[in-house]
Amino acid sequence: MASLSIPLSPKVFSGLQLPAKCVRPTPRELQSPFKIRCSSIEDGFKSVESFTQFKELRSVACGVLAVWALTTASPVIAANQRLPPLSTEPNRCERAFVGNTIGQANGVYDKPLDLRFCDYTNEKSNLKGKSLAAALMSDAKFDGADMTEVVMSKAYAVGASFKGTDFSNAVLDRVNFAKANLQGAMFKNTVLSGSTFEEAQLQDAGFEDTIIGYIDLQKLCTNKTINDEGRVNLGCR
């Protein structure tokens with residue numbers, strides 16, 4: 001792991017102690033995750049006031065560089081992201097019928113809602129209107145299920161099957177539907193803000209009155225499996 005060192009040697013300017021320079025990592029170092037280390041030379045301080053001012057400036061400098069470093073490194077972190085082990089909780093699949101009511105919009109929960117590999121085929125009553133915020137749904141089956149008015153903020157549904165699923169009036173905010181099977185799914189009056197559909201199957205999916213941002217729409221319209229009617233409803237050009 002590369003290290004970003006930020007030596008902060010104070011210079012006296014108008015009574016303030018300012019950092020002298022910051023050393024940026026080389027392009028080679030940026031190819032791997034790195035950490036930030038801030039150091040300072042504290043000799044030459046004449047008063048507690050100037051020392052305090054320097055500490056505040058040093059904290060700001062380190063904070064700014066920390067944000068820059070994490071932003072630069074985020075693609076690497078995302079690429080190496082791993083899901084937690086499959087839950088061994090008894091009846092974990094039935095937890096979907098209760099849902100998650102903590103921090104719905106931000107996907108915060110007291111414990112993971114692990115629905116991976118669960119089978120909810122043709123479930124017509126127990127999922128309607130439930131909150132499945134941040135649920136892990138990869139490789140689960142929801143074919144023919146009634147998921148109207150469901151809330152799935154930040155859910156992970158990679159490789160899941162939703163053939164013929166009814167998502168009418170649902171909130172599917174920032175859901176990852178990569179490689180999911182959504183053939184014939186209904187998204188009538190559904191919020192799809194921030195959701196991704198990379199390599200998803202969307203044949204015969206309905207998008208009447210779908211609520212989606214412009215940028216998200218442009219990405220969705222690149223999916224070639226959406227039929228002509230769906231493209232018209234979405235407004236794809």
Side-chain angles (χ1 to χ4, degrees), residues 70 74 77-202 205-207 209-213 215-216 219-220:
L70 290 176
S74 59
I77 295 172
N80 295 330
Q81 184 179 11
R82 293 183 179 180
L83 296 176
L86 188 68
S87 173
T88 58
E89 178 185 0
N91 303 319
R92 65 180 177 84
C93 293
E94 282 73 13
R95 285 191 60 206
F97 304 149
V98 177
N100 178 7
T101 59
I102 300 178
Q104 297 178 6
N106 293 320
V108 179
Y109 46 70
D110 54 344
K111 57 182 177 180
L113 187 58
D114 195 346
L115 310 180
R116 289 174 289 182
F117 302 101
C118 294
D119 191 343
Y120 304 98
T121 300
N122 294 323
E123 175 57 62
K124 298 298 185 181
S125 58
N126 291 317
L127 294 175
K128 182 177 180 179
K130 294 299 187 296
S131 173
L132 306 177
L136 301 176
M137 298 177 163
S138 51
D139 299 298
K141 291 184 178 181
F142 297 86
D143 299 344
D146 183 349
M147 298 185 74
T148 56
E149 302 180 2
V150 74
V151 177
M152 284 172 54
S153 298
K154 291 189 176 181
Y156 185 84
V158 174
S161 183
F162 298 93
K163 293 186 291 184
T165 301
D166 189 354
F167 286 113
S168 297
N169 303 309
V171 177
L172 309 181
D173 173 53
R174 293 163 290 177
V175 179
N176 189 341
F177 283 114
K179 299 182 180 180
N181 190 334
L182 294 153
Q183 296 181 50
M186 178 59 63
F187 297 100
K188 183 177 181 179
N189 197 38
T190 304
V191 176
L192 292 176
S193 55
S195 294
T196 55
F197 297 85
E198 184 177 357
E199 298 184 41
Q201 300 178 49
L202 291 163
F207 294 97
D209 298 323
T210 298
I211 303 170
I212 186 171
I215 299 299
D216 298 325
K219 294 178 181 179
L220 179 57

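Residue indices begin at 1 and follow the sequence shown.
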**Report entry** Pairwise distance CD(E198) to NZ(K179) - rounded to 0.5 angstrom
**Finding:** 7.5 Å

**Report entry** Separation of F177 CZ from L202 CG (nearest 0.5 Å)
**Finding:** 9.5 Å

**Report entry** CG-CE distance between L172 and M147, expressed to the nearest 0.5 angstrom
**Finding:** 8.0 Å

Query - Side-chain touch N176/V158, heavy atoms, less than 4.5 angstrom - result: yes

Requested in this report: For a side-chain contact (heavy atoms from CB on, under 4.5 Å) with E123, tell me which candidate from N126, D119, T121 qualifies.
Outcome: N126

Query - Distance, nearest 0.5 Å, that separates CD of Q183 from CD of Q201 - result: 5.0 Å

Requested in this report: Would you name the heavy atoms of A140 and L115 that are closest together and state the gap between them?
Outcome: CB-O, 3.3 Å

Query raised in the report: Shortest non-hydrogen contact from N189 to I211?
Result: OD1-CD1, 3.9 Å

Query raised in the report: If you take all heavy atoms of A96 and K130, which pair is closest and at what distance?
Result: O-CG, 3.7 Å

**Report entry** Point-to-point distance, once rounded to the nearest 0.5 Å, from NZ of K128 to OG1 of T148
**Finding:** 4.5 Å

Query raised in the report: Could you state the interatomic distance from CG (L192) to NZ (K219), rounded to the nearest 0.5 Å?
Result: 13.5 Å

Query raised in the report: For the residue pair S138 and L83, what are the closest heavy atoms and their distance?
Result: OG-CD1, 4.3 Å

Query raised in the report: How close do N100 and A133 get, heavy atom to heavy atom, and via which atoms?
Result: ND2-O, 3.3 Å

Requested in this report: Starting from the C-alpha separation in whole Å, work towards a yes-or-no answer on side-chain contact (heavy atoms from CB on, under 4.5 Å) for L220 and T210.
Outcome: CA-CA 12 Å; L220 179 57; T210 298; 6.0 Å; no

Requested in this report: Output yes when a side-chain donor or acceptor of S161 lies under 3.5 Å from a complementary backbone atom of K141, and no otherwise.
Outcome: no

Query raised in the report: Do any N or O atoms from the side chain of D216 and from the backbone of G194 form a donor-acceptor pair under 3.5 angstrom?
Result: yes

Query raised in the report: With sequence neighbours left out, what residues match D114 under salt bridge (Lys or Arg N to Asp or Glu O under 4.0 Å)?
Result: R92, R116

**Report entry** Residue from F142, F187, F197 passing ring-ring contact (aromatic ring centres under 6.0 Å, His included) with F162
**Finding:** F142

Requested in this report: Start with the C-alpha distance between Y120 and C93, add both sets of side-chain angles, then the distance that settles side-chain contact (heavy atoms from CB on, under 4.5 Å), and finish with yes or no.
Outcome: CA-CA 9 Å; Y120 304 98; C93 293; 3.6 Å; yes

Report summary line: Shortest non-hydrogen pair, A157 vs A180, comes out as O-CB, 3.8 Å

Query - Min side-chain heavy-atom separation L132-M137 under 4.5 Å - result: yes

